[in-house]
> 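Below is a structure I'd like to ask you about.
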Amino acid sequence: METIQEQEKIIGMPRIGDNAPAFNAITTQGEINFPEDYSGEWVILFSHPADFTPVCTSEFMTFAHLEDKFAKANCKLVGLSIDGLYSHIAWLRTIKEKIKFKGMKDIEVKFPLIEDISMEVAKKYGMIQPGESKTQAVRAVFFIDPKGIIRALIYYPLSLGRNFDEIYRALIAMQAADKFAIATPADWYPGDDVIVSPAGSCGVAEERMTATDELECEDWFFCTKKLDKEEVLKAIIKT
Ligand code: BEZ
C-alpha cells in the first residue's frame, strides 16, 4: 500500500510556467543533463508506454521522420519510457530494419530515448498516471522553451497515438506569440490573422472601437491583425 506522499510523488506534475524539473539520464545517445544541455533551444520531451508496442512504434517513426523539421524550428526531441537501455536499442534497431508505416521505412531514430526503469524522471514529470497504468508512462508531451520553462503540455492515454501536426503547430504558434507579442486564435496556422492583446484600459477599449488600417475589431475585446506567413516563417524557421 503506497503512502499518500508516495502517491503524490507519482501523480504530481509540473505546470505551465514552471521550470522544467532537472535530471541526469542515460539515453540511446549517451548521458544527458536536462534541461541544461538544451539551453537556448526548445525541447519536446515526450513519454511513451513501452518499447516493442505498435502505437509507440508508429509515433517514433513519425517523430524521427519529422526530426529535421523540428530542428529547423530550433527544437530538439527527447523520448522516454519505463524500459532499459538495451530494450530501447533493440527496439530502435528493429524499427530501422523491419518496420514500414504510412510510406516510411528504414527509419533511424537519432534523437535520445531515455531509459527510466526507476521511473525517476517519469514521476518528476507526472507521466505515471495510476488510473491509466501504474507501470507504463502515458503519452505526455512537454514543450520546454529555450530558458527551460514549461510552456505547454499535452497528455494522451495509452491507446491514442498523438497528432504530430498539432504538436508542430503548437510549437510554431508559441514561438510566433513570443516573437510578435500576439496570441493565436483557434486552429491558427502561419498566415492566418492573429489576436492582439486585449484592451487593458477604458481608453484603449474606446480606441479599439475606432476603425484603423491595422486592426480589425469585432468588439473592444476581440481584435485581430494580419501577420504575413512569410514573416512568421522567416522569424522562426532556419533555412
Ligand atoms: C501501443 O503502443 O501500441 C500500446 C502501448 C500500451 C498500451 C496500449 C497500446
> Other residues, nucleotides and ligands only: do more than 12 of their heavy atoms fall within 6.0 Å of NZ on Lys238?
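Check passes, neighbour count above 12.
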
> Establish whether Phe101 and Leu92 are linked, either directly or via other cluster members, by ILVMFWY side-chain heavy-atom contacts under 4.5 Å.
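Phe101 and Leu92: one cluster.
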
> Apply side-chain contact (heavy atoms from CB on, under 4.5 Å) to the pair Phe46 and Glu59, showing each step before the final yes or no.
CA-CA 11 Å; Phe46 68 100; Glu59 291 189 320; 5.8 Å; no

> Below 6.0 angstrom between ring centroids: does that apply to Phe111 and Phe60?
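Aromatic pair counts; centres sit under 6.0 Å.
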
> So, do Pro190 and Ile172 sit near enough that their side-chain heavy atoms are less than 4.5 Å apart?
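Yes - at least one pair of side-chain heavy atoms lies under 4.5 Å apart.
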
> Is there a continuous path of hydrophobic side-chain contacts, each under 4.5 Å between heavy atoms, that joins Phe70 to Ile107?
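Yes.
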
> Evaluate whether atom CG of Asp187 has more than 12 neighbouring non-hydrogen atoms of other residues, nucleotides or ligands under 6.0 angstrom away.
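No, not enclosed.
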
> Calculate, to the nearest 0.5 Å, the distance between atoms NZ and NZ belonging to Lys98 and Lys100 respectively.
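If we round to the nearest 0.5 Å, Lys98:NZ and Lys100:NZ are 11.5 Å apart.
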
> Thr184 and Ala173: which non-hydrogen atoms are nearest, and at how many Å?
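Smallest interatomic distance, heavy atoms only, reads OG1-CB, 3.8 Å.
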
> Considering only heavy atoms from C-beta outward, does the side chain of Phe143 approach that of Ile167 to under 4.5 Å?
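Yes, side chains in contact.
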
> What distance do Cys56 atom SG and Met61 atom CE have between them, rounded to the nearest 0.5 Å?
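The SG atom of Cys56 sits 13.5 Å away from the CE atom of Met61.
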
> Is there a donor-acceptor pair closer than 3.5 Å between any side-chain N or O of Ser47 and the backbone N or O of Ala140?
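Checked: pair present.
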
> Hey, is the main chain of Glu120 close enough, under 3.5 Å, to the side chain of Asp116 for a donor-acceptor pair?
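Yes; judged by distance alone, with no hydrogens or angles, the pair exists.
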
> Any donor and acceptor pair, going by atom type alone, linking the side chain of Lys179 with main-chain N or O of Val232 inside 3.5 Å?
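No; zero donor-acceptor contacts below 3.5 Å.
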
> For Ala73, does its backbone N or O pair with a side-chain atom of Gln175 as donor and acceptor, under 3.5 Å?
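Yes, Gln175 side chain to Ala73 backbone: donor-acceptor pair under 3.5 Å.
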
> Heavy atoms, side chains only, cut-off 4.5 Å: are Pro185 and Asp192 in contact?
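Not in contact.
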
> How about Trp220: does its CH2 atom have over 12 heavy atoms from other parts shown lying under 6.0 Å from it?
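Result for CH2/Trp220: open.
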
> Atom OG in Ser58, atom NZ in Lys102: separation rounded to 0.5 Å?
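The NZ atom of Lys102 is 8.0 Å from OG of Ser58, to the nearest 0.5 Å.
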
> Can you name the one residue among Tyr156, Trp91, Phe63 that meets ring pair (Phe, Tyr, Trp, His ring centres under 6.0 Å) with His48?
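Of the listed residues Tyr156, Trp91, Phe63, the ring pair (Phe, Tyr, Trp, His ring centres under 6.0 Å) partner of His48 is Trp91.
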
> Report yes or no: does Asn163 contribute a side-chain atom to a donor-acceptor pair with the main-chain N or O of Asp165 at less than 3.5 Å?
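Between the backbone of Asp165 and the side chain of Asn163 there is a qualifying donor-acceptor contact (under 3.5 Å).
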
> Might you point out which heavy atoms bring Pro49 and Asp83 nearest each other, and give the distance in Å?
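Shortest heavy-atom contact: O-OD2, 4.3 Å.
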
> For Asn24 and Asn33, work out which heavy atoms get closest and say how close.
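Heavy atoms only, the tightest pair is OD1-OD1, 3.2 Å.
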
> Is the closest side-chain heavy-atom distance between Pro21 and Ile150 below 4.5 Å?
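Yes. Closest side-chain heavy atoms under 4.5 Å.
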
> Between Lys225 and Asp193, is the closest basic N to carboxylate O distance under 4.0 Å?
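No, Asp193 and Lys225 are not salt-bridged.
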
> Salt-bridge test for Arg151 and Asp178: reply yes if a basic N is under 4.0 Å from a carboxylate O, no otherwise.
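Yes.
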
> Looking at every heavy atom in both Ser133 and Ile128, which two are closest together, and how far apart are they?
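Smallest interatomic distance, heavy atoms only, reads O-CG2, 3.8 Å.
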
> Does the structure place the NZ or CZ of Lys69 under 6.0 Å from the centre of the six-membered ring of Tyr168, at an angle of no more than 45° from the ring's axis?
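Checked: cation-pi criterion met.
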
> Can you find a heavy atom in the side chain of Met127 that is under 4.5 Å from one in the side chain of Leu45?
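Yes - at least one pair of side-chain heavy atoms lies under 4.5 Å apart.
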
> Is a side-chain donor or acceptor of Ser39 paired with a backbone partner of Glu36 at a separation under 3.5 angstrom?
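Not a single qualifying donor-acceptor pair exists.
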
> Would you give the length of the straight line joining atom OG1 of Thr57 to atom CD1 of Ile95, rounded to the nearest 0.5 angstrom?
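Answer for the OG1-CD1 pair, Thr57 versus Ile95, is 4.5 Å.
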
> Taking all non-hydrogen atoms of both residues, which atom of Leu158 and which atom of Arg139 are closest, and how far apart?
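Where Leu158 meets Arg139 most closely, the heavy atoms are O-NH2, 2.6 Å.
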
> For Met104 and Thr62: C-alpha separation, side-chain torsions, deciding distance, then whether side-chain contact (heavy atoms from CB on, under 4.5 Å) applies.
CA-CA 8 Å; Met104 294 178 274; Thr62 309; 3.7 Å; yes

> Any donor and acceptor pair, going by atom type alone, linking the side chain of Asn74 with main-chain N or O of Gly40 inside 3.5 Å?
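Side chain of Asn74 to backbone of Gly40: a pair is present.
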
> In plain terms, say whether Arg169 and Glu166 are close enough for a salt bridge, that is, a side-chain N and a carboxylate O under 4.0 Å apart.
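Glu166 and Arg169: salt-bridged.
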
> Using the rule that Ile, Leu, Val, Met, Phe, Trp and Tyr join whenever any side-chain heavy atoms are under 4.5 Å apart, tell me whether Phe34 and Met13 fall into a single cluster.
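Phe34 clusters together with Met13.
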
> Tell me whether Lys76 contacts the main-chain N or O of Tyr38 through its side chain, where contact means a donor paired with an acceptor under 3.5 Å.
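Such a contact is absent between Lys76 side chain and Tyr38 backbone.
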
> Of all heavy-atom pairs between Ser87 and Phe52, which one has the smallest distance, and what is that distance?
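Heavy-atom minimum between the residues: O-CE1, 3.6 Å.
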
> Rounded to the nearest 0.5 Å, what separates atom CD1 in Ile82 from atom NZ in Lys134?
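One gets 14.5 Å once the value is rounded to the nearest 0.5 Å.
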
> Taking CD in Gln29 as the centre, count heavy atoms belonging to other residues, nucleotides or ligands within less than 6.0 Å. Is the count above 12?
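Yes, the 6.0 Å shell around CD holds more than 12 heavy atoms from other groups.
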
> Measuring only between side-chain heavy atoms, which start at C-beta, is Val78 closer than 4.5 Å to Ile114?
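Val78 vs Ile114: side chains touch.
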
> Give a yes or no on whether Phe222 atom CZ has more than 12 heavy-atom contacts from other residues, nucleotides or ligands under 6.0 Å away.
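Incorrect, the count does not exceed 12.
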
> Whether the side chain of Glu67 engages the backbone of Leu77 through a donor-acceptor N/O pair (distance < 3.5 Å, no angle test) should be reported.
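Judged by distance alone, no pair lies under 3.5 Å.
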
> Quick check on the hydrophobic clustering: are Phe164 and Leu113 connected, directly or via other members, by side-chain heavy-atom contacts under 4.5 Å?
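Yes, Phe164 and Leu113 fall within the same hydrophobic cluster.
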
> Find out if a path of hydrophobic residues (ILVMFWY) with successive side-chain heavy-atom gaps under 4.5 Å connects Leu227 to Met174.
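Yes; tracing contacts between hydrophobic side chains, which count when under 4.5 Å, links both residues.
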
> Should Met209 and Asp219 be marked as a side-chain contact (heavy atoms from CB on, under 4.5 Å) after you check the CA-CA gap, both sets of side-chain angles, and the distance that decides it?
CA-CA 7 Å; Met209 295 310 292; Asp219 202 339; 3.7 Å; yes

> Nearest 0.5 angstrom please: Arg93 CZ to His88 NE2, how far?
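Going from the CZ atom of Arg93 to the NE2 atom of His88 covers 15.5 Å.
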
